[in-house]
Amino acid sequence: MDAIELIALAASTSLLAGWRLYLVTFITGLGMKFGWVPLPENLRALDVLANNWVLAIAGVGTFAEFFADKIAWVDSAWDSIHSLLRPLGGALLSLAIVDAGDPAFQIIAFLLGGGAAFAAHTGKASARAAVNVSPEPVSNVVVSTAEDVATGGLLALAIFNPVAALVIALVLLGLTLWLIFAARKLVRRVMNRIVPPVPDEPA
């Protein structure tokens, strides 16, 4: 991979970590272990992602997150717990992928990776919070499954065509942010119907 592809791969995985941290860590670790993702030369300590124990823990986390994300109240609690973990994980993934000899560039990669993961997490958590208020479970399961498929597909694309994956991930991030505002408007309308505003008393 050239420099542009590595940066695109780092940005893509950081964004996707904001949605599914454990799945992204698991697949990226496998990619490093089997040579799909090149290990950094100047940051050899971070090849721990390919460690068997890390892969096992990430695999268990992936399994747990798959089911937790399908239950509305569990999903909301899971997103709250991971508000710090996902941005930190995204930052570390970005740092692990980008081979940077310059410490300043390492810090930039860390900050941008964390920022990308935080933006994706915020959009995902906000959109899902609006879906989770629905009393029926079908919509939550459908949205969660769509996130699983999108994350896995984009991650595979990121490994083999990082630039295309980054473009698609940015489009999805923009769509997620748009859904946040749309969901807020929908919640306001529903709440206004349930609890109509009290009219002002005449002077």
Side-chain angles (χ1 to χ4, degrees), residues 5 7-32 36-37 49 55 58-72 74-83 85-94 97 112-134 136-184 186:
E5 289 178 328
I7 292 172
L9 176 61
S12 299
T13 53
S14 297
L15 280 169
L16 294 174
W19 294 347
R20 294 286 189 273
L21 173 60
Y22 299 107
L23 176 63
V24 173
T25 302
F26 181 69
I27 295 180
T28 303
L30 283 179
M32 288 181 169
W36 306 333
V37 178
L49 288 174
L55 288 174
V60 171
T62 299
F63 182 81
E65 189 168 53
F66 177 82
F67 291 101
D69 205 60
K70 303 295 184 292
I71 305 171
V74 177
D75 172 66
S76 297
W78 188 270
D79 282 342
S80 298
I81 293 171
H82 287 79
S83 294
L85 291 177
R86 284 173 179 160
L88 180 59
L92 291 175
L93 283 169
S94 176
I97 292 169
L112 290 179
F118 178 76
H121 165 73
T122 302
K124 183 260 187 193
S126 300
R128 288 300 299 278
V131 175
N132 289 344
V133 298
S134 175
E136 45 79 27
V138 177
S139 58
N140 187 70
V141 173
V142 169
V143 172
S144 176
T145 303
E147 289 176 357
D148 292 330
V149 174
T151 303
L154 281 173
L155 195 54
L157 180 62
I159 293 174
F160 296 105
N161 194 335
V163 176
L166 177 59
V167 172
I168 295 173
L170 288 174
V171 171
L172 288 177
L173 178 61
L175 177 61
T176 302
L177 295 176
W178 176 82
L179 286 173
I180 293 174
F181 295 104
R184 286 182 177 177
L186 178 61

Which of Trp19, Tyr22, Phe118 passes ring pair (Phe, Tyr, Trp, His ring centres under 6.0 Å) with His82? It is Tyr22
Nearest non-hydrogen partners of [X] and [Y], listed with the distance:
X      : Y      : value
Leu23  : Leu155 : O-CD2, 4.1 Å
Leu15  : Ala120 : O-CB, 3.1 Å
Asp79  : Ala125 : OD2-CA, 3.7 Å
Thr151 : Val24  : CG2-CG2, 4.0 Å
Arg20  : Asp148 : NE-OD1, 2.7 Å
Gly90  : Leu21  : N-CD1, 4.4 Å

To the nearest 0.5 Å, what is the distance between [atom1] ([X]) and [atom2] ([Y])?
X      : Y      : atom1 : atom2 : value
Leu55  : Ile27  : CG    : CD1   : 11.0 Å
Asp75  : Glu147 : CG    : CD    : 7.5 Å
Leu154 : Ser12  : CG    : OG    : 7.5 Å
Arg86  : Thr25  : CZ    : OG1   : 11.0 Å
Ser76  : Asp69  : OG    : CG    : 9.5 Å

Residue set satisfying side chain to side chain contact (heavy atoms under 4.5 Å, CB included) with Leu88, at least two apart, ordered chain then number -> Leu92, Phe110
Side chain of Ser94, backbone of Ala91: donor and acceptor closer than 3.5 Å? no
